[in-house]
Amino acid sequence: MKPLAAQPSRRLSDAEIVARAHRSDRNFAILGLSVLVISMIVLLSLIVDFMVDGLGRIDLDFLTSFPSRRASEAGILSAWVGTTLVMLVTTALAVPLGVAAGLYLEEYAPRNWITHLIEINVTNLAGVPSIIYGLLALGLFVQSLAMGQTILVAGITLALLILPIIIVATREAVRSIPLEIREGAYALGADKWQTVSGYILPTARPGILTGAIVGMSRAIGETAPIITIGALTFIAFLPPSPVQDTFPFINFNWLNSPFTVMPIQMFNWVSRPQAAFHVNAAATGLILLLMTLLMNAIAIWLRYKIRRSMR
């Protein structure tokens, strides 16, 4: 008895292949939209919970008062001032260094195993837990270099935390620029630096700005590295003002001042049993969320202005 011959598989027609591709695209779009909707529902639930609990607590006295053992008299003056100053130091250190490092790795660094190793480590550092940076800062800056538990150390710690994010974002923004822009600059007689500074960097500014704001949004809510280096949980005074009346009108003594930040103030109030302190924590969380959204709104506005100017 002869064995049955294997039946040849039916070849799909072009119409069936196109229909299958459309189904895959539709299913992926539905999945992505579902994830987006769920994420937005969670975020809106968090915002609504903050507003229900803490919106009525936010007033001028809450913003201009120091923390207190009485919940009705407590405020976040030292916390939001400390957060602002720490983020100022973080921005001044992380953004220039991150952009410069990203430009060097993408445009100037030789393509060898050393550069490849650096690129891998930069990418891996973006996923390192923030507490590791706090332990590094505690051992190096606070203890070995005796810099103290100051605003400067907090800014350096958070700058190290978000530096890999800005480097990766800068490289991706530079890499996305069409090759024709570089070739056109070279054809006009520009050298390497003129091409980078006059054509590549201005074109990549929207992407670089996005990466910087993403990094700053992560840094503004970090608590673990700040607690590790010894930030205060209760502080009833402000650092010296960065601006003074006499020449040179700029004061840097605030860099060496003790500090607290809004996430630590929230943690301190949430850990207390009184419900009134929990209301204060919700109000602080709402203000912190508004600050983050304001940073992102500024980034969107700047990207829009930059793109319009480029056109």
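If you're wondering where the values come from, they're calculated on a predicted model, not measured in any experiment. The residues of the chain are indexed from 1 along the displayed sequence.
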In sequence, state the C-alpha distance, the side-chain angles, and the governing distance for Leu97 and Ile167, and then conclude on side chain to side chain contact (heavy atoms under 4.5 Å, CB included).
CA-CA 8 Å; Leu97 289 177; Ile167 293 175; over 6 Å; no
Hey, could you give me the [atom1]/[atom2] distance between [X] and [Y], rounded to the nearest 0.5 Å?
X: Ile264; Y: Thr83; atom1: CD1; atom2: OG1; value: 8.5 Å
X: Phe62; Y: Asn280; atom1: CZ; atom2: CG; value: 5.0 Å
X: Leu209; Y: Ile166; atom1: CG; atom2: CD1; value: 10.5 Å
X: Leu36; Y: Leu31; atom1: CG; atom2: CG; value: 11.5 Å
X: Leu63; Y: Leu77; atom1: CG; atom2: CG; value: 8.5 Å
X: Leu125; Y: Ile132; atom1: CG; atom2: CD1; value: 11.5 Å

Show your working on side chain to side chain contact (heavy atoms under 4.5 Å, CB included) between Tyr186 and Asp191 and close with a plain yes or no.
CA-CA 7 Å; Tyr186 290 138; Asp191 57 20; over 6 Å; no
Under 3.5 Å side-chain donor-acceptor pair for Thr284 and Gln265:
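No pair is found: no donor N or O on one side chain lies under 3.5 Å from an acceptor on the other.
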Go through the side-chain N and O atoms of Thr115 and Asn112 and say whether any donor and acceptor fall under 3.5 Å apart.
yes
Testing the basics here: between [X] and [Y], what is the closest heavy-atom pair and its distance to 0.1 Å?
X: Asn268; Y: Ser271; result: O-OG, 2.7 Å
X: Val153; Y: Phe141; result: CG1-CB, 4.0 Å
X: Phe50; Y: Ala282; result: CD2-O, 3.8 Å
X: Gly139; Y: Ser144; result: O-OG, 2.7 Å
X: Val95; Y: Ala212; result: CG2-CB, 4.2 Å
X: Ala154; Y: Phe259; result: CB-CZ, 3.3 Å

Check ion pair Glu107-Arg182 (N to O, under 4.0 angstrom)
yes
With a 4.0 Å cut-off, would you call Arg111 and Glu119 a salt bridge?
yes
Mark yes when over 12 heavy atoms from residues, nucleotides or ligands other than [X] sit less than 6.0 Å from its [atom1]; otherwise mark no.
X: Tyr108; atom1: OH; result: yes
X: Trp80; atom1: CH2; result: no
X: Met51; atom1: CE; result: no

Could you go step by step and tell me if Met291 and Leu289 meet the side chain to side chain contact (heavy atoms under 4.5 Å, CB included) rule?
CA-CA 5 Å; Met291 292 176 65; Leu289 184 60; over 6 Å; no
Applying side chain to side chain contact (heavy atoms under 4.5 Å, CB included), run through Tyr104 and Val99 and close with a yes or a no.
CA-CA 9 Å; Tyr104 173 78; Val99 173; over 6 Å; no
What about Val279 and Leu286, same hydrophobic cluster or not, with Ile/Leu/Val/Met/Phe/Trp/Tyr joined at side-chain heavy-atom distances under 4.5 Å?
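No, separate clusters.
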